Amino acid sequence: MADEAATVAPHASIPSGDNSVWADVSPLLQAASQDLQEGELIHGDNFNLFAAMSALEIMDPKMDSGMVCTYYSLDEAIENGAAPVPISEDKTIDVRCTIDIMDHLLACEATWHKGHSLAQTVYACLYLLRPERTSSHALLHSYCKVIRATCNAILSVVSDARTHEEEDLFTMAYGLPLCGDGDEKCLSLLNAVEETISRQLRACKASSSKRRVSEDIEPLQDNSDLEEGYCRALLCRLRFRKHFYHLLMSMKRPQGRGLELARKHIASCISEIDHIQKSSEFLRTSAYGMCDQNIDTTASGCQPIGFDASLNCRLSAPTPPRSIKILCWEKALEYFIKLLQDLDIVCSYSLDPSLEAALHFVVKFQKSQPDLVSRAHLQLLLVQDGKLYGRDSMLSMITRAAGLPEVTENHDIEKNEFMMQLGQLVINLLKILCTNTAWQRRKLGKMLQDWRVIYVQLEMAFKKKFEEASTTSNTKKICFKIYQHILAWVEEKTYWIAFRFLSLGFELELYSFHDYCMVYWYIYVVLIKLAEKKHLRMAMSSDAAKKKAKKKKDSLKDAEMDHHIPAAVLFLQSQIYLAEGLSMMFAAMRNEHRIVPLQSPFNTEHEIFIQQFELLQKACVPDHISYVTFKESTSHANLSTLAICDYFKEAQRIAKEVKSSFANDSDTMAELRGVEQVAERNSIALNVCRVGALDPKLKISFAFSHHPFFATAIVKRS
Amino acid sequence: MLAIESKESRRRRRRRRRRKKKKKREESMESGKKEDGEMEKVEFDASEIEYVSYGGEHHLPLVMNLVDQELSEPYSIFTYRYFVYLWPQLSFLAFHKGKCVGTVVCKMGEHRNTFRGYIAMLVVIKPYRGRGIATELVTRSIKVMMESGCEEVTLEAEVTNKGALALYGRLGFIRAKRLFHYYLNGVDAFRLKLLFPRPELHPSLPMMADKYESHMRSYHGNAPSIVE
């Protein structure tokens with residue numbers, strides 16, 4: 001039967017062409033299959049892992065996503081009463097169930113933000129999938145509308161920012177009704193519903209306190225004992241959604257114009273979350289005995305009605321057939337509080353028109369480990385229309401950061417093609433710094449080569465320009481200035497990126513204990529270069545500023561400034577000593593057999609070095625650095641000489657000294673304290689090791705208890 | 001029966017599958033540690049374990065059973081055959097008194113101008129863990145890769161799988177990258193890499209082979225635990 005149908009059907013639908021005719025290939029296939037031995041197919045040239053992995057075994061529930069569905073279609077689910085409107089004819093039950101839906105949706109939303117697919121989280125809600133069905137139920141309808149609008153807004157921020165490289169599940173929204181009719185006006189409906197419920201709340205409070213029957217106002221539901229509690233529970237949920245949506249809209253405004261307003265909505269959101277949390281006790285008790293109350297995604301503990309994640313397995317084919325663990329309700333609220341706090345940090349940023357300030361801000365922001373949504377918002381704020389905050393052109397920001405004197409402002413530096421490329425590179429850097437740290441580190445590493453290349457190109461371009469400029473004119477002088485300043489700044493930034501690349505490796509736990517010696521050594525050489533370039537650039541800037549000041553009036557302080565090492569450089573200096581100290585300490589311990597080096601059967605420390613610093617070496621950051629130089633500088637380290645030349649003591653001394661210069665900068669102060677503490681402890685540990693050199697019971701270990709990437713030594717007698 | 005998916009979903013599924021596979025492998029190794037208390041360890045001498053190179057179709061059910069047994073989700077027959085038919089020399093099985101107790105499945109090929117090996121599956125059943133079987137299996141594969149001209153070997157491991165990370169760390173693998181939310185449960189992965197010495201850097205390459213021999217001897221001598 002089936003065979004006949006298969007051979008007959010094509011005849012009927014597709015006629016034979018001029019040069020073709022339909023033929024039954026079954027006998028041919030049968031004959032061919034006799035020849036084919038088991039496994040032969042896999043030998044085909046075009047059969048790759050791609051093909052092997054794409055193979056599905058139909059009807060196997062673990063592979064065939066269609067198999068795990070409760071319903072075959074949304075229509076079937078609705079016909080079966082999986083998502084009734086109203087949810088119940090009993091108004092009290094209807095309200096209770098609506099709140100459960102709201103709570104579960106919030107949990108789904110948080111789960112989505114955390115990196116799961118929209119289809120299997122928020123859009124597991126059948127009510128969202130058919131926007132028009134809820135129109136008779138104002139409460140549910142308004143909530144569904146604002147959820148869709150919110151998801152849509154967040155989705156567009158994240159896709160615009162493109163910071164989600166590895167979080168790509170987030171933006172997948174195949175075939176989902178993200179934007180229902182009139183969803184953009186979601187707030188007006190929400191406001192109307194909120195208004196009605198707050199009247200109902202007023203009415204029930206009036207009737208309970210003054211025993212006066214309030215006319216005209218129909219209560220929310222029929223049980224007067226529960227009226228106030230349900231009204232309150234609904235109000236905080238609706239208001240949270242309202243403020244959250246407002247917040248997103250305010251943050252969308254160009255050039256950060258809505259940030260102040262956004263902060264007000266953030267405060268309102270946080271206070272509504274507090275009310276939501278407090279409503280849980282009422283909701284739990286009022287639902288007692290009405291359901292099993294063993295669900296953790298709703299405040300009441302009841303199973304929410306109208307959700308089926310399996311339905312979307314088929315709606316959006318790429319979602320793997322796996323059940324997703326939805327965050328519990330408490331965790332979802334925690335997530336939203338964290339998100340709001342992170343967004344508040346973004347909104348409180350002063351939009352300082354300085355590249356250094358912006359870079360510093362992102363790095364600081366990342367320390368709180370913000371999630372995708374807040375990172376995307378920060379990125380969109382920093383870079384809009386290719387400008388910093390959508391306001392300041394990148395080139396003017398670069399020339400300012402490089403400390404170029406104002407005389408050069410009218411110079412045609414902006415027309416230089418490599419300067420344009422440099423501008424783009426800075427934009428990329430800002431964007432990369434907003435991505436998750438794992439992705440960020442890889443991108444920073446790859447980016448080092450671009451910075452190196454642009455440096456060389458700029459150098460050549462400037463040289464050419466310099467030679468072309470007539471000897472008599474002032475242009476030559478200006479050219480030379482630009483040349484010096486920009487190049488020094490590019491180099492400084494290159495080493496800054498390298499330093500961040502190396503230090504992020506600790507945060508991401510990429511280094512093993514055996515690699516610490518070489519990693520700290522590399523940090524040490526990079527930091528020396530960074531300090532050197534920074535010092536040079538700062539000296540040039542202060543030189544330029546000084547000359548300008550001198551034209552106006554003679555400053556007495558100039559002479560002092562000349563020989564003073566800037567605090568920022570001294571801060572680096574303390575870290576240089578710390579990194580060198582740690583590297584030498586590890587080297588000494590290995591040289592004196594305190595730690596047993598790794599004995600791989602397949603490679604040596606040399607290969608480990610090549611792999612760890614591959615991207616830095618490719619970009620020649622810094623020049624003339626290799627495994628050989630590493631070995632030369634560490635092979636003679638021993639504990640007794642280390643004590644004479646104590647790097648840790650130096651680090652501690654400088655950190656202590658420089659603190660006064662950062663009295664107003666709490667972050668740098670905290671970092672300095674960290675450096676000081678690590679240095680102090682390591683200095684003591686080193687002494688203990690040296691004195692107890694012959695004590696085999698001394699065990700030394702390391703922990704990141706005082707600094708994210710400078711390890712603190714702990715010596716114990718075992 | 002085979003079904004062809006859309007291009008888009010195929011691309012994604014391929015990625016997911018790989019993730020799942022890796023995850024499961026590590027999970028299975030990890031779980032051995034947790035259940036050590038409940039699990040009856042089998043008493044055996046390291047010399048009783050017999051290591052065999054993949055020998056043909058009769059070994060395939062053994063590999064599949066072992067992987068299926070340890071992993072909750074089965075892979076299509078095509079995935080197994082893809083590996084064992086194209087690189088039979090990189091797959092090994094470990095037997096104890098005729099029973100298959102562990103297996104390793106790998107591949108190798110061009111990847112961005114380098115010839116690299118890839119460790120796809122590594123399983124040792126729970127009662128036999130902690131006795132160096134996984135290390136021996138994976139070491140045999142790596143040795144063949146090295147002899148076949150591979151420049152490096154890679155794999156992914158879950159960041160929480162301390163046992164596997166330690167095992168590969170001892171073999172000279174570095175954690176080259178962290179892959180954010182690599183697994184569907186939201187856990188990150190490490191991409192591990194082992195770079196082989198290049199002849200021009202090490203004129204005395206045969207030395208490496210000697211090193212390997214002595215390393216293996218030390219493994220059998222003391223039988224240190226793999227899964228900590």
Side-chain angles (χ1 to χ4, degrees), chain A residues 38-43 47-60 62-64 114-116 165-169 172 174 316-320 322 324-325 435-439 441-442 505 508-512 514-515 598-604 606-608 610-612 614, chain B residues 1-6 8-14 16-18 20 57 60 72-74 76-79 81-83 85-86 107 139 142-143 146 152-153 159 169-172 174-182 184-186 188 190 193-197 201-202 208 211-212 214-216:
Chain A
E38 249 186 333
E40 269 190 25
L41 181 62
I42 316 300
H43 279 305
F47 195 88
N48 51 18
L49 186 58
F50 188 98
M53 290 297 214
S54 305
L56 271 188
E57 278 167 49
I58 291 290
M59 306 305 280
D60 180 342
K62 281 170 183 156
M63 287 197 175
D64 184 354
K114 282 285 192 183
H116 292 283
E165 296 292 344
E166 286 185 314
E167 297 154 89
D168 54 351
L169 268 179
M172 274 195 335
Y174 302 106
S316 48
T319 332
R322 290 190 137 213
I324 290 169
K325 175 87 187 84
T435 61
N436 69 64
T437 45
W439 178 258
R441 184 176 190 269
R442 274 141 68 190
L508 298 168
E509 297 171 81
L510 292 177
Y511 307 129
S512 95
H514 298 282
D515 308 339
L598 188 76
Q599 286 286 326
S600 157
F602 297 110
N603 60 12
T604 66
H606 193 168
E607 281 72 40
I608 305 277
I610 294 172
Q611 289 188 92
Q612 287 289 9
E614 186 189 4
Chain B
M1 203 188 236
L2 174 75
I4 311 287
E5 293 176 272
S6 73
E8 178 76 21
S9 64
R10 214 187 318 171
R11 182 185 66 83
R12 188 162 295 280
R13 180 175 289 277
R14 176 177 141 242
R16 296 286 162 215
R17 284 283 175 69
R18 274 188 183 165
K20 274 191 296 193
E57 278 288 323
L60 189 59
S72 63
E73 282 176 71
S76 81
I77 179 84
F78 297 98
T79 303
R81 283 217 172 101
Y82 170 76
F83 286 108
Y85 266 77
L86 291 174
K107 67 175 274 183
T139 302
I142 295 171
K143 207 178 169 214
M146 188 158 87
E152 56 181 17
V153 183
V159 294
R170 282 194 297 270
L171 294 176
I174 69 146
R175 298 168 208 170
K177 293 172 183 175
R178 192 179 177 111
L179 306 162
F180 186 75
H181 285 194
Y182 191 70
L184 275 172
N185 60 7
D188 296 358
F190 286 125
K193 265 191 190 179
L194 173 79
L195 180 71
F196 291 129
L201 293 174
H202 293 273
M208 294 308 294
K211 226 175 140 189
Y212 163 80
S214 68
H215 178 83
M216 290 322 295

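Just so we're on the same page: letters track the sequence lines, and every chain starts at 1. Quantities reported herein were computed from a predicted structural model and do not represent experimental measurements.
With rounding to the nearest 0.5 Å, the separation of NZ in B:Lys193 from CD in A:Glu607 is 14.0 Å. Within the model, atoms CZ of A:Phe602 and CG of B:Leu194 stand 7.0 Å from one another, a figure rounded to the nearest 0.5 Å. A:Tyr511 OH to B:Arg175 CZ: the interatomic distance, rounded to the nearest 0.5 Å, is 11.5 Å. Note that CG of A:Asn603 is 9.5 Å distant from CD1 of B:Ile174, once rounded to the nearest 0.5 Å.
Residues B:Ala176 and A:Arg441 approach most closely at O-NH1, 4.2 Å, considering heavy atoms. Nearest heavy-atom pair across A:Leu598 and B:Gly172 is CD2-CA, 4.4 Å.
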Assess whether side-chain contact (heavy atoms from CB on, under 4.5 Å) is satisfied between A:Leu508 and B:Phe190, documenting all intermediate values. CA-CA 9 Å; A:Leu508 298 168; B:Phe190 286 125; 5.6 Å; no

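A donor-acceptor distance shorter than 3.5 angstrom exists from the side chain of A:Arg442 to the backbone of B:Arg178, with no hydrogens or angles considered.
Partners of A:Gln611 under the side-chain hydrogen bond (donor to acceptor under 3.5 Å, both in side chains) rule, at least two apart in sequence or in another chain, do not exist in this structure.
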